[in-house]
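Below: the structure, in structure tokens.
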Amino acid sequence: MSDDNRPDNTTLANLLFEFADRLEAKDIEYKPAAYRRAAENVAEYPGSVAALAADGPEAVMEIDRVGEAIADKLVEYVETGSIEELEALRGELPVEMDALTAVEGVGPKTVATLYRELEVQTLADLERVARNGEIRDLRGFGQTSEQNILENIAFARQSDARELLGDTRPVADELLATMEAHDAVKACELAGSIRRWRPTVGDIDVLVATADAAAVVEAFVAEGDELIEAGESKASIRLDGVQADLRVVTPEEYGAALQYFTGSKEHNVQLRNYALERDVSLNEYGAFELTDADETGQRIAGDTEASMYEVLDLAWIPPELREGTGEIAAAEAGALPDLVRTDDIRGDLHVHTDWSDGTASIREMATAAAAFGHEYIAITDHADGPGVVGEMGLSAAELREQHTAVEAVDAELDIDLLTGVETNIAADGGVSMDDGVLAACDVVVASPHSGLSGDGTERLCTAIEHPAVDIIGHPSGRLLNQRSGIEFDPTVVGEAAAAAGTALEVNSNPLRLDLWGEAIKAAIDAGAEIVIDTDAHRPNSFEHIEYGVHTARRGWAEAADVRNTDGVESLRS
DNA sequence: GCCGTTTTCGGCCCGACTGTTTTCAGTCG
């Protein structure tokens with residue numbers, strides 16, 4: 001059933017990105033953009049693209065922006081392990097394209113020139129010719145470009161994956177607070193993928209409205225560990241190892257700029273085209289009427305972000321939805337979801353204590369949850385069994401003992417405590433704890449902890465259908481930037497969950513965020529309910545719920561889709 | 001190469017910044 005040799009979506013997407021770079025290096029127009037759009041959608045596709053490829057090119061063409069030519073290439077790669085046309089391009093320009101274009105300021109065309117003129121193939125080659133002063137003599141280059149390349153090679157070597165939202169957001173919030181406190185700043189917000197709550201982010205985008213751009217740029221640059229560039233209306237710095245980009249606009253342009261710089265790129269392209277069909281042109285400075293001659297006319301919106309949508313008769317679209325996956329059509333139809341909010345969450349159904357691998361006692365966790373504002377929590381320590389590290393898992397006897405301890409704390413505190421357990425989902429979908437104990441638990445979370453690769457659709461469905469299981473915890477088992485976890489068809493899993501009345505977890509741990517936007521949307525569309533949990537292992541983890549809630553919003557979740565927006569009595573019944 | 005309320009051809013987002021140039025190419029977001 002599962003096939004570990006099958007390429008994952010990231011691998012396939014990277015092939016298409018490389019294709020795009022190599023076509024661009026040859027000065028070919030339009031195709032590079034087409035390949036990049038396809039690559040982005042392959043990377044974001046919730047199921048296994050390689051599994052689609054096994055069914056032939058027609059199945060692959062289901063992916064938006066993937067047509068016949070690209071589908072054929074993906075099938076070719078899955079079947080043979082290479083793509084003839086890509087190999088030919090690699091032969092024409094035998095360079096390490098990814099490594100070289102990772103250098104800031106070096107793109108595909110520069111790579112082509114450096115290979116043609118100086119036979120640069122690797123990062124080491126690039127460093128050598130830069131040090132030797134060979135680049136400065138090339139047409140179109142100079143001493144400054146050569147020096148910049150040399151400096152940026154160091155960052156290219158250490159820059160790996162995108163940053164975790166959970167690591168970057170605190171840095172961004174602090175930077176934002178500093179800018180907000182500046183006298184010249186009239187308005188200030190984070191934009192980009194941070195504002196959309198993507199699980200990982202490439203950089204920090206800060207937008208400022210001011211009448212004194214020079215003062216704001218100067219203040220921003222002063223916050224950086226290092227200056228990348230600074231102009232009259234924008235600047236980039238490096239801060240705690242992350243790039244932060246500032247964009248400065250006038251107060252009148254602020255709404256248009258906020259819309260524009262929040263993205264996503266795909267959302268903006270779609271919105272721009274939607275506007276053009278209605279004779280309105282959008283850019284970061286405003287919305288403009290188009291005249292008969294297709295010339296830009298009267299400015300008709302842009303001071304607020306909402307005005308950019310209002311002018312198109314659309315409701316304001318929450319940033320989490322702006323991924324180009326149908327949100328504009330939903331806004332047009334007046335069918336945008338009423339997204340779940342953090343204060344809709346009434347309790348946490350996945351909490352660990354020092355009975356297994358948590359750091360705090362039942363009482364300490366319950367007290368912290370009550371202080372956070374929860375009405376209830378479920379104590380769900382690990383059951384012993386395969387996939388559970390060391391001796392920390394609880395036996396059936398220990399679980400029964402814990403239930404007594406939980407009930408004792410429940411009787412003393414105002415917050416309601418539910419008994420529970422987190423069991424492991426074995427490779428065959430079985431659950432490792434005897435049914436009698438599971439039946440005695442208020443809440444049974446079943447989660448995959450091992451065998452986290454290959455197609456797990458059947459495995460998850462088997463666990464979902466177990467009569468004692470209430471929640472599937474972190475369903476894929478992914479760890480961001482570390483492992484991709486098991487692959488599954490979220491629609492099939494969602495249908496099974498709906499039929500069995502088992503909820504699928506959105507795990508709020510910033511390292512997991514599992515399920516995630518696309519999979520949540522597919523599961524909810526299939527009729528499934530979700531729960532948003534923190535999987536807290538320490539008292540201060542409850543605040544992570546915010547990451548889970550915004551992730552659920554990326555999956556178009558409303559409060560009614562989320563089981564722990566209900567009170568404890570409704571849950572018990 | 002992809003796509004369609006211009007539907008099988010013709011168009012594809014666009015502006016800022018940099019470094020190189022005298023009017024622009026490449027990169028980036």
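Worth knowing before you read on, the calculation uses all heavy atoms, side chains too, and leaves out hydrogens, waters and symmetry mates. Convention: sequence-line order gives letters A, B, ...; per-chain numbering from 1.
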Would you mind classifying the nucleic acid contact of [X] as base, sugar-phosphate or nothing, using non-hydrogen atoms under 4.0 angstrom?
{"X": "A/Arg139", "value": "nothing"}
{"X": "A/Pro108", "value": "sugar-phosphate"}
{"X": "A/Ala230", "value": "sugar-phosphate"}
{"X": "A/Glu232", "value": "sugar-phosphate"}
{"X": "A/Val248", "value": "nothing"}
{"X": "A/Glu266", "value": "nothing"}
{"X": "A/Tyr35", "value": "sugar-phosphate"}
{"X": "A/Arg65", "value": "sugar-phosphate"}

Nearest-neighbour nucleotide for the [X] side chain, [options] considered:
{"X": "A/Tyr30", "options": "B/dC2, B/dT18, B/dG1", "value": "B/dG1"}
{"X": "A/Ser145", "options": "B/dG19, B/dA16, B/dC13", "value": "B/dG19"}
{"X": "A/Lys109", "options": "B/dG19, B/dG1, B/dT27", "value": "B/dT27"}
{"X": "A/Asn148", "options": "B/dC3, B/dT18, B/dC2", "value": "B/dT18"}
{"X": "A/Val269", "options": "B/dT20, B/dG29, B/dC13", "value": "B/dC13"}
{"X": "A/Asp203", "options": "B/dT27, B/dC2, B/dG29", "value": "B/dG29"}
{"X": "A/Ser233", "options": "B/dC2, B/dC13, B/dA16", "value": "B/dA16"}
{"X": "A/Ala69", "options": "B/dG29, B/dC2, B/dT18", "value": "B/dC2"}
{"X": "A/Asp205", "options": "B/dT18, B/dG19, B/dG29", "value": "B/dG29"}
{"X": "A/Glu277", "options": "B/dA16, B/dG29, B/dT6", "value": "B/dT6"}

[X] [atom1] to [N] [atom2], straight-line distance once rounded to whole Å:
{"X": "A/Leu271", "N": "B/dC14", "atom1": "CG", "atom2": "C1'", "result": "15 Å"}
{"X": "A/Leu276", "N": "B/dG11", "atom1": "CG", "atom2": "C1'", "result": "12 Å"}
{"X": "A/Asp137", "N": "B/dT20", "atom1": "CG", "atom2": "C1'", "result": "14 Å"}
{"X": "A/Arg37", "N": "B/dC3", "atom1": "CZ", "atom2": "P", "result": "9 Å"}
{"X": "A/Tyr285", "N": "B/dC14", "atom1": "OH", "atom2": "P", "result": "14 Å"}
{"X": "A/Gln270", "N": "B/dG4", "atom1": "CD", "atom2": "P", "result": "11 Å"}
{"X": "A/Arg136", "N": "B/dT18", "atom1": "CZ", "atom2": "C1'", "result": "18 Å"}
{"X": "A/Ile228", "N": "B/dC28", "atom1": "CD1", "atom2": "C1'", "result": "12 Å"}

Please check the phosphate of [N] (OP1 and OP2 only) for any side-chain N or O of [X] closer than 4.0 Å.
{"X": "A/Thr110", "N": "B/dT27", "result": "yes"}
{"X": "A/Lys234", "N": "B/dG15", "result": "no"}
{"X": "A/Tyr274", "N": "B/dC13", "result": "no"}

Pair [X] + [Y], salt bridge at N-O below 4.0 Å:
{"X": "A/Glu305", "Y": "A/Arg322", "result": "yes"}
{"X": "A/Arg299", "Y": "A/Glu253", "result": "no"}
{"X": "A/Arg90", "Y": "A/Glu18", "result": "yes"}

Considering only atom [atom1], compute the distance from [N] to [M] and round it to an integer number of Å.
{"N": "B/dG1", "M": "B/dT5", "atom1": "C1'", "value": "23 Å"}
{"N": "B/dC28", "M": "B/dT20", "atom1": "P", "value": "16 Å"}
{"N": "B/dG10", "M": "B/dG15", "atom1": "C1'", "value": "25 Å"}
{"N": "B/dT23", "M": "B/dG19", "atom1": "C1'", "value": "14 Å"}
{"N": "B/dC2", "M": "B/dT6", "atom1": "P", "value": "22 Å"}
{"N": "B/dC13", "M": "B/dT8", "atom1": "C1'", "value": "24 Å"}
{"N": "B/dG11", "M": "B/dA16", "atom1": "C1'", "value": "25 Å"}
{"N": "B/dC14", "M": "B/dC9", "atom1": "C1'", "value": "24 Å"}

message: Assuming nearest nucleotide by heavy-atom distance, tell me which of A/Asn273 and A/Ala38 is located more 5' along DNA chain B.
response: A/Ala38
message: Under 6.0 Å from the ring centre and within 45 degrees of the ring axis: does the NZ or CZ of A/Arg272 meet both conditions for the six-membered ring of A/Tyr274?
response: no
query: Has A/Arg169 got its NZ or CZ under 6.0 Å from the middle of the six-membered ring of A/Trp197, at an angle within 45 degrees of the ring axis?
result: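 Yes - A/Arg169 lies over the ring of A/Trp197, closer than 6.0 Å to its centre and within 45° of its axis.
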Stepwise side-chain hydrogen bond (donor to acceptor under 3.5 Å, both in side chains) check, A/Asp455 with A/Thr457: CA-CA 6 Å; A/Asp455 190 305; A/Thr457 304; 2.9 Å; yes
field: Criterion side chain to side chain contact (heavy atoms under 4.5 Å, CB included) against A/Leu190, the qualifying member of A/Asp205, A/Leu207, A/Asp173
entry: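 Output: one option passes, namely A/Asp173.
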task: Both distances under 3.5 Å, Watson-Crick or G-U wobble: report the partner of B/dT8, or none.
output: none
- request: Measure the acute angle between the ring planes of A/Tyr309 and A/His267, then classify it against the limits of 30° and 60° as parallel, tilted or perpendicular.
  value: tilted
